[in-house]
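Worksheet for the structure shown next.
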Amino acid sequence: MDFVTGLRCRECSRTYPAEALHVCDYCFGPLEVAYDYDAMAVTVTRERIESGPQSIWRYADLLPVTDTAPIDLRTGFTPLVRADRLAAELGLGELWIKNDTVNPTGSFKDRVVSVALTRARELGFKVAACASTGNLANSVAAHAARAGMTSVVFIPKDLELAKVVTTAVYGGYLIAVDGTYDDVNRLCAELASEHPTWAFVNVNLRTYYAEGSKTLAFEVAEQLGWQAPDHVVVPVASGSQLTKIHKGFGELHRVGLLHDEPHVRVSGAQAAGCSPVATAFADGSDAIRPVRPKTIAKSLAIGNPADGWYALETVRQSGGSFAAASDEEILEGIRLLARTEGIFAETAGGVTIACLAKLATSGVVRPDELVVAYVTGNGLKTVEALAGTTGPTATIAPTIEAFASAVEVEGGSHTT
Ligand SMILES: *Cc1c(COP(=O)(O)O)cnc(C)c1O
Ligand SMILES: [Zn+2]
């Protein structure tokens with residue numbers, strides 16, 4: 001926060017104070033946090049970051065908060081794992097998985113919520129609210145509980161059981177809405193103007209919320225020894241995460257923390273049943289036509305993505321591409337990651353892996369590139385997606401004979 005100069009409109013560059021504002025009064029463009037990078041560059045060093053906490057808060061100097069005791073469940077600094085077995089299956093070279101399944105509430109949303117609610121508390125808010133496709137709901141309810149804030153969370157009523165239970169357990173208000181996420185989001189935009197004293201993390205606090213995703217770039221660069229990857233594959237719902245990952249690498253360079261200038265190609269992953277941005281990319285169009293989502297990747301089911309156009313621009317300018325995965329391909333992506341690397345991802349992670357596979361096949365993601373795939377949510381949240389297609393190899397009577405006649409274990413004989 002020491003380096004925040006205010007908020008700035010992404011379209012017309014008008015400036016605003018660092019308050020709970022998200023759209024420009026003049027042109028209705030989205031606002032973004034503005035920093036004094038020259039001052040930041042003087043203070044922020046690799047050593048200063050490396051001696052910080054093992055969480056997103058080691059990058060506090062690059063985030064829009066002042067509080068030295070943030071609302072924290074120990075989010076971030078998640079493993080970056082080398083994925084040689086998956087790389088071999090996909091015909092790739094140096095492949096890494098950013099494993100964000102292990103965040104406190106099981107998804108990358110803990111990053112954006114920790115930042116947004118810490119800023120909200122600084123600004124005097126006592127009620128935390130959001131419109132969610134599920135993961136944001138979990139995270140807002142948990143962080144509000146931790147901070148002693150009241151939470152009011154709105155979700156589409158058809159969410160996975162685990163996402164409903166793991167939101168409700170934290171004791172806030174959980175409102176299931178008869179409609180799609182886009183209906184829920186529109187309702188929340190209206191409620192946000194009715195209740196200006198509520199901190200809607202992805203409406204009036206969105207400017208701060210979005211900044212939390214930069215930590216996905218900061219951590220990867222630090223974990224790679226202060227260098228940026230050549231190519232990243234990122235799942236896209238609203239498009240905010242993808243845009244901010246790209247921005248994050250740029251900021252690290254700007255304040256002098258990277259060894260080399262980054263040239264990160266950014267590719268986006270969507271579910272075929274909700275692919276408005278991937279479709280605009282494929283059509284070479286600038287207009288993102290809203291869709292009605294129909295996909296098992298519910299956490300990515302935003303038919304009218306707020307940052308879709310910026311995500312499209314980021315992908316185009318960086319030389320990346322888009323892919324879209326069918327429900328069947330998403331399930332295969334989940335299984336492929338699980339059986340090659342021992343990581344169980346939710347459907348959004350299946351989208352990332354399935355799209356990575358497609359981009360590898362088409363030659364967009366190349367074997368000579370250092371590639372990072374972002375796996376952003378935990379498989380325990382969406383077990384019903386696999387139910388019926390995954391289960392015991394056999395069900396047997398408790399006898400040696402029954403086992404012997406039911407299965408032959410590959411590599412299981414131990415003749416010496
Ligand atoms: C919300 C979400 C995303 C996408 O985030 P956007 O910033 O809205 O594009 C990706 N993965 C998971 C698991 C999510 O919950
Ligand atoms: Zn403007």
Side-chain angles (χ1 to χ4, degrees), residues 7-16 21-32 78 98-103 105-113 116 130-140 155 159-160 162-163 166-167 181-182 185 201-202 206 209-214 216 233-247 266 268-271 274-278 293 295-312 314-315 322 330 334 345-353 355 373-382 385:
L7 306 181
R8 188 187 306 120
C9 175
R10 289 183 81 159
E11 295 301 325
C12 75
S13 297
R14 275 193 176 77
T15 55
Y16 294 83
L21 302 168
H22 65 117
V23 278
C24 177
D25 288 340
Y26 294 88
C27 75
F28 302 106
L31 303 183
E32 195 168 42
T78 55
K98 182 59 169 166
N99 182 6
D100 244 24
T101 69
V102 298
N103 272 315
T105 74
S107 87
F108 102 97
K109 288 295 195 303
D110 290 329
R111 299 174 181 274
V112 286
V113 170
C130 70
S132 175
T133 56
N135 288 325
L136 189 61
N138 294 172
S139 190
V140 165
I155 52 171
L159 282 192
E160 299 94 341
K163 286 183 184 164
T166 60
T167 302
Y181 171 80
D182 298 286
N185 197 38
V201 299
N202 54 344
R206 188 171 181 85
Y209 159 101
E211 291 290 291
S213 285
K214 294 189 308 188
L216 281 166
V233 178
V234 184
V236 171
S238 73
S240 172
Q241 177 184 185
L242 181 145
T243 314
K244 292 294 174 168
I245 286 175
H246 184 256
K247 183 182 182 213
V266 182
Q270 291 207 294
C274 182
S275 60
V277 194
T295 168
I296 57 169
K298 293 182 184 177
S299 57
L300 302 181
I302 298 184
N304 188 12
D307 292 285
W309 188 82
Y310 295 103
L312 186 61
T314 300
V315 167
F322 268 94
I330 293 168
I334 293 175
E346 68 145 281
T347 45
V351 169
T352 298
I353 300 303
C355 289
Y374 285 91
V375 171
T376 48
N378 196 299
L380 293 174
K381 287 168 174 266
T382 61

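Any value given below was found using the heavy atoms of this structure, including those in side chains, with hydrogens, waters and symmetry copies removed. We count ligands from 1, going down the list as the structure has it; atoms in each ligand are counted the same way.
- What sits closest to atom 14 (C) of ligand 1 on the protein, heavy atoms only, is K109 NZ, 2.9 Å.
- Numbered from 1 in the order shown, with element, the atoms of ligand 1 that lie under 4.0 Å from a heavy atom of L300 read 3 (C), 4 (C), 10 (C), 11 (N).
- In this structure, the side chains of I155 and T167 stay at 4.5 Å or more apart for every pair of heavy atoms.
- For the pair Y209 and ligand 1, the shortest N or O to N or O distance does not fall below 3.5 Å.
- Among protein heavy atoms, the minimum distance from atom 7 (O) of ligand 1 is reached at Q241 N, 2.8 Å.
- In terms of polar-atom proximity, T133 is not counted as a contact of ligand 1, lacking any N or O under 3.5 Å from an N or O of the ligand.
- Not a single heavy atom of K244 sits under 4.0 Å from any atom of ligand 1.
- At least one N or O atom of T376 sits closer than 3.5 Å to an N or O atom of ligand 1.
- Residue N103 comes nearest to F108 through the heavy atom pair ND2-CA, 3.8 Å, listed as atom of the first residue, atom of the second, then distance.
- Proximity of A348 to ligand 1, defined as any heavy-atom pair under 4.0 Å, is confined to the side chain (atoms from C-beta onward).
- Here the side chains of E11 and C24 are not in contact, with every heavy-atom distance at 4.5 Å or above.
- Some N or O of N135 is nearer than 3.5 Å to an N or O of ligand 1, by distance alone.
- Distances between N or O atoms of G239 and those of ligand 1 include at least one value under 3.5 Å.
- Residues R206 and S238 meet the side-chain proximity criterion, which asks for heavy atoms closer than 4.5 Å.
- Checked by distance only, ligand 1 and S107 stay at 3.5 Å or farther apart across all their nitrogen or oxygen atoms.
- Heavy-atom contacts of E346 reach the following atoms of ligand 1: 13 (C) (cutoff under 4.0 Å).
- Contacts between L242 and ligand 1, counted as non-hydrogen atom pairs separated by less than 4.0 Å, are absent for every part of the residue.
- Nearest heavy-atom pair, A385 versus I296, reported as atom, atom and distance to 0.1 Å: CB-CD1, 4.4 Å.
- Here the angle at the Zn ion (ligand 2) defined by SG in C24 and SG in C12 stands at 110°, rounded to 10 degrees.
- Of the residues listed (D307, V236, V234), the one engaging Q241 in a side-chain contact (heavy atoms from CB on, under 4.5 Å) is V234, and it is the only one.
- Within the 4.5 Å cutoff, side-chain heavy atoms of I334 are placed close to those of T347.
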Hey, mind stepping through T382 and K163 against side-chain contact (heavy atoms from CB on, under 4.5 Å) and telling me if it holds?
CA-CA 8 Å; T382 61; K163 286 183 184 164; 3.8 Å; yes
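- Taking a cutoff of 4.0 Å between a charged side-chain nitrogen and a carboxylate oxygen, K244 and E32 qualify as a salt bridge.
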